[in-house]
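For reference, the structure is listed below as structure tokens.
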Amino acid sequence: MAFACGELGLRLHDFYDMPWCEYLIMCFAHDRIQNDEWKKIRFISYHNLLGSPNIDTKKLPSLNKFVNGTDAKIKKASQEIKEQFSKEFEEYNRLIKNKK
């Protein structure tokens, strides 16, 4: 409750009237915003290090590793996963049309 009223800025009666799933969505959004803010801070810190005369720039990690904590590139979904998603999405659409 302290997190809801403090960090999320909810009023107490809004928190009590809110469904659990909506509260979780707000918590995930708060975490995402906080992570974005930290990335901005790390980005600025990295460029401060580059401008420092006492730092050997050859020993610094890459910008991506410094900001995100990893050098790993984003992996794309395999064709098998894409096909499975398409089948499930088609089934979902068929179920929605049958309800109408």
Side-chain angles (χ1 to χ4, degrees):
M1 183 167 44
F3 180 76
C5 295
E7 281 81 359
L8 295 179
L10 295 172
R11 294 180 294 197
L12 192 57
H13 66 87
D14 290 334
F15 173 66
Y16 283 133
D17 292 339
M18 177 182 292
W20 181 249
C21 59
E22 190 176 330
Y23 174 71
L24 289 178
I25 290 170
M26 290 187 77
C27 290
F28 291 136
H30 180 268
D31 286 344
R32 183 182 44 81
I33 290 168
Q34 289 296 313
N35 287 337
D36 290 345
E37 289 296 320
W38 277 110
K39 283 183 181 180
K40 290 176 189 175
I41 291 169
R42 288 192 291 263
F43 181 83
I44 293 169
S45 299
Y46 183 82
H47 285 89
N48 265 346
L49 281 173
L50 287 178
S52 177
N54 300 332
I55 299 293
D56 184 10
T57 55
K58 295 177 185 174
K59 294 182 180 179
L60 282 177
S62 68
L63 176 63
N64 190 29
K65 186 170 185 171
F66 192 86
V67 172
N68 298 321
T70 181
D71 259 341
K73 297 187 179 188
I74 297 173
K75 296 180 181 178
K76 295 187 178 183
S78 67
Q79 189 62 32
E80 179 183 341
I81 298 294
K82 290 178 184 178
E83 290 170 2
Q84 181 181 358
F85 175 78
S86 295
K87 288 177 187 176
E88 291 178 8
F89 190 68
E90 288 171 10
E91 181 180 346
Y92 170 77
N93 283 332
R94 186 171 30 83
L95 291 172
I96 294 296
K97 288 178 184 178
N98 289 340
K99 285 185 179 182
K100 291 181 181 180

| Nearest heavy atoms of Leu8 and His30, plus distance in Å |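 Distance-wise, the nearest heavy atoms are CD2-CB, 3.7 Å.
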
Atom pair [atom1] ([X]) and [atom2] ([Y]), whose distance is rounded to the nearest 0.5 Å:
X     : Y     : atom1 : atom2 : answer
Glu22 : Asp17 : CD    : CG    : 10.5 Å
Met18 : Ile25 : CE    : CD1   : 10.0 Å
Asp36 : Asp31 : CG    : CG    : 11.0 Å
Asp56 : Leu49 : CG    : CG    : 12.0 Å

Look at the side-chain heavy atoms of Ile, Leu, Val, Met, Phe, Trp and Tyr, link any pair under 4.5 Å apart, and say whether [X] and [Y] land in one connected group.
X     : Y     : result
Ile33 : Trp38 : no
Phe15 : Phe28 : yes
Leu24 : Phe3  : yes
Leu12 : Met26 : yes

| Should Lys40 and Glu37 count as an ion pair when the cut-off is N to O under 4.0 Å? |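 Yes, this pair counts.
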
| task | Please state whether the rings of Phe66 and Tyr46 are parallel, tilted or perpendicular, taking 30° and 60° as the class boundaries. | result |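 Phe66 vs Tyr46 ring planes: tilted.
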
| task | Anything under 30° is parallel, anything over 60° is perpendicular, the rest tilted; go ahead and classify His47 against Phe43. | result |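 The rings of His47 and Phe43 sit tilted, inter-plane angle from 30° to 60°.
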
| field | CA sep, side-chain torsions, deciding dist, call: Gln79, Lys82, side-chain contact (heavy atoms from CB on, under 4.5 Å) | value | CA-CA 5 Å; Gln79 189 62 32; Lys82 290 178 184 178; 4.1 Å; yes

| query | Looking at side-chain heavy atoms only, is the closest gap between Arg94 and Glu91 below 4.5 Å? | reply |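 Side-chain contact under 4.5 Å: yes.
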
